[in-house]
Amino acid sequence: MEFAELIKTPRVDGVVLHRPFMPTVEGTLCLTGHHLILSSRQDNTEELWLLHANIDSIEKRFVGSLGTIIVKCKDLRVIQLDIPGMEECLNIASSIEALSTLDSVSLMYPFFYRPLFEVIEDGWQLFVPEEAFKDLESMTDEWRLSEVNKDFSVCPSYPSLLTVPKDIDDESLCKAASFRHGGRFPVLSYYHKKNGMVMMRAAQPLTGTNGRRCKEDEKLINATLCAGKRGYIIDTRTIAVAQQAKARGGGFEQEANYAQWRRIHKAIERSNVLQEGLIKLVEACNDQSHSMDRWLSKLEASNWQSNVKEILTTACLAAQCIDREGASVLVHGTEGTDSTLQVTSLAQIILDPACRTIRGFEALIEREWLQAGHPFQQRCAQSAYSNGKPRSEAPVFLLFLDCVWQILRQFPCSFQFNENFLIMLFEHAYASQFGTFLGNSVAERLKLLLSQKTVSLWSWVNRPQELERFLNPLYEPNNLVIWPSVAPQSLLLWEVPLQMHEMPKEHMDCEISMC
Amino acid sequence: MEHIRTPKVENVHMIDRLTPRKSTVGTLYLSSTHTIFVENSEARKETWVLHSLVYNVERFPTNPSGSPLIIRCKNFHVYRLLIPQERDCLDVLASLTRLSRPECYGELFCFSFNPNLDKELREKAWGFIDLKAEFNRMGIPSNLWHVTAANHEYRLCDTYPSELFVPKSAFPAVIVGSAKFRSRGRLPVLSYFHRDTSASICRSSQPLSGFSARSSDDEQMLQAIMKSNPISEFMYVVDTRPKLNAMANRAAGKGYENEDHYTNIKLQFIGIENIHVMRNSQQKLIDVGELAAPSMSDFLWGLENSGWLKHIKAVLDAGVFIAKAVAEDGVSVLVHCSDGWDRTAQACSVASVLLDPYYRTIKGLMVLIEKDWVSFGHKFSHRYAHLDGDPKEVSPVMDQFLECVWQLMQQFPCAFEFNERFLIQLHTHIYSCQYGNFIGNCQKERRDLRLQERTHSLWPHLWENRAEYTNPLYRTDHSQTQGVLKPLTTAYCFKFWKGMYGRAEKSVASHQSPADCLNAVREESQQLEEELSAHQEVPRETDAGQETCPTEGEENFRGEEEDQQAV
């Protein structure tokens, strides 16, 4: 398919661009296959380059022959374009609509993007499971790297290499996989060097209504416990939700069969509920009426802050079991691809100082999100402004970043990166020139040949000239476990991604130049 | 001393409600001025609670482990004690209840507080803030404004300062006539003069207009104020009350200016609620801060239900309106409420902070408080319950001003020389009665109490410790530091002030403060610099007679040193 067919009017002059907190710009609007570009053709004004893939929805308005298009982006920016001429405006609008809703992944910009920089360190090769396993091997010999999933037949959403207890053979793994939702059998997520305790993650067990059990599954997780020690299973769902899951073939670990484990239920919302929350939150933020009361009750009704609190609380609980109780932990929800990953990755940020460095955080995102099979493409297909019927969109990753921001705010000296780094990840998860967040699993990414055909986000971010703006000038490596406060008054609304203020550029510059 | 029934209780538990394992055991001492808790631990950590800061003491029924006692402070600290013997608990309760409610000024801590300063230094300290110099800084007196002796010996208005600045064109008879037409004689006088536009902020109380009364003197007074700003053709009268309240006052022979009688005024109501509404609202807010393990919904509902942030927004809105009129439109403003000592002080001082970068400095904020609050008769002793008195007079008026400044600091982190700690310290001392500055309800009362001879001034004390109160992000050359601040006042810009209201539990305290880190880095580099210059001085001495290196070069070198520090 040719993009040109979709572009009815490739350029319009005299277009006025309005952006919040920025001066208006008048210039020429151009549409390309992947971008909406507005240039004033003057040296000192910033040009707008907007990926069509970033556009969540548009609105058209007409006053006389002056048309206005309001472009609402997935990264929650809203911009306004005033376009002279009704026909031009309609053409532009329909082209944007068509170009921003292309379904085929292979038409996405990362497949067309050619970097203007030299790739020194290929991000695709940066975080391979073998390397992570080498680190683990230096600490313990209790684990092995299994190739049981090498053709992705045991679990399509897992990577080909998985870290499992040494004493469990591949055959047992296959049996355990058949007992877990989506084949996601328990695998190692984190090894706590300080006391040798581990965190594992999985999907829910398929106990169903008649209480099925699987000896191999029990053996697998018991293999991670020291003699006479108990472990904790953290189910991210409430007991009621977990009970209901039984009717659909899911369920939770029965005490009788998992005698060495104590199960704790938490209440992290399912992804579709989170999406509704995001929509309500964004609506509240864009409400221009200045009444105080309505703002707070709308914020409350969005449940956004409650979600942040619950996710952080669960992560703290997991970390506490490991560090304070000296117990191993298994975390799962339903599918094991959303709330599970929020909890396991945040717990690592609390426990492991390495995750608070830039490299370490990138590795964490690779390990616990990309390779662990968080379905980025499905979750980030649309955002808060979409008019389309929601399918499986959800701000799971945004909530994770929000939680990281909360910890970063409480420990401003313990992170090598700053808020801009989190914002950058949020933006690239929704629309990017890089291939990193395309696809829903390692298997899909291999099939799309992303590592050959696209550039990795890490290849770009890790260049010293880019890295500079993501560095936290206050960073002082801190080898301690950091316990965030989850009291409501300690958790703030993360305003920057919600476009409620200007990016705090000046502030940051100021901070940096101070030091 | 006669009020202390038991000076010492042993084996008292200090409870941390959120993290019980952080609770400690120690000995409780009662002195004539403080409650002191000394931990039994090796560190012998001491907690001192000033009696005058105690808001209330509450006892709970005795249980097997002892008698619980909660001390709540006016600066929102809460101390939870468990006293082994019920009798001791009752004694502590009775003693503290009496000690925290002084019945006359003489009992206040400031009269016994003696920081070992000789007489001369004490007198000098009281001259630290000079309001005449402050008006000079604004360019007053000028060819249009001058000082009037009309209030000499407080004969015109006993709650105003003796020196008042008024338009030169206002004749003495007009001044006297205007005072007669204003509630409690609080006539319109200058509060702030904006040099860039020649527009001024004046303040007064409400006019005694009732339904039909008028005063040609008062009308001439406003005319004179308007004319003192040569370029503008009208002036604003900002009535900071809700319009309904202002109308209700007419029935009592008070009210607001009739636009038909005063030529060229525009009346604007802002809608800041009265002291009773504010008092109740703050109490609800305090309750929210004290909730035990609230859910996010409990917290947000509680916050909304208190209405507190709505009131803060109203005060800031008033300031924004006035600042805009003065700086952008170049129009003078007369601000009043009912008596002109609460909402008026809030509105004028918030507007001044927005307008003038000087008030965003440590010294400047002291000057502003001294001018708009202390000298103009804000009733500190009534509002902050320095003495056991009418609870209906108590209201967190100053708390709200300090919070407005804090909210602005959140939006403009580089614009203020001081930090949050400075505001909290000010807040504490407004209530503490440790220094004489805020004792009494007006200048005349302070003079009659001879406070300058009998007590000490807070300002030099704060100034000496200013390193502790400095915002490391502040730079005089930063764009935020210059000119007028234009804050956003959308509802979501107003935050719960955790540093102030989130202090009921010790363990919720924030973990790391970026400002403290920056300060530490700065201090360290300063030390290194000093060391460096000490090293540089050695060769200088040996090559006596040689030219020392030029200052400019030295500064460059210093700059580099600082850069390396950060890396």
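Every chain is numbered from 1, with letters handed out A, B, ... down the list of sequences.
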Gap between atom CD of A:Glu300 and atom CG of B:Asp298 - 0.5 Å precision: 9.0 Å
Taking every non-hydrogen atom, the tightest pair across B:Ala491 and A:Trp295: CB-CB, 3.6 Å
Atom pair CE/CG of B:Met296 and A:Asn307 - distance to nearest 0.5 Å: 9.5 Å
B:Gly289 to A:Gln489 - nearest heavy-atom pair and separation: O-NE2, 3.8 Å
Nearest-0.5 Å distance, CG of residue A:Asn303 to CG of residue B:Leu300: 9.5 Å
Side-chain donor or acceptor of B:Glu304 paired with backbone N/O of A:Ser297 under 3.5 Å: yes
Approximate separation, where rounding is to 0.5 Å, of A:Leu296 CG and B:Phe494 CZ: 11.5 Å
Beyond-backbone contact of A:Leu491 with B:Phe299, side-chain heavy atoms, under 4.5 angstrom: no
Within 6.0 Å of CD in B:Glu328, more than 12 heavy atoms from elsewhere: yes
Shortest non-hydrogen contact from A:Pro488 toward B:Ser295: CG-O, 3.7 Å
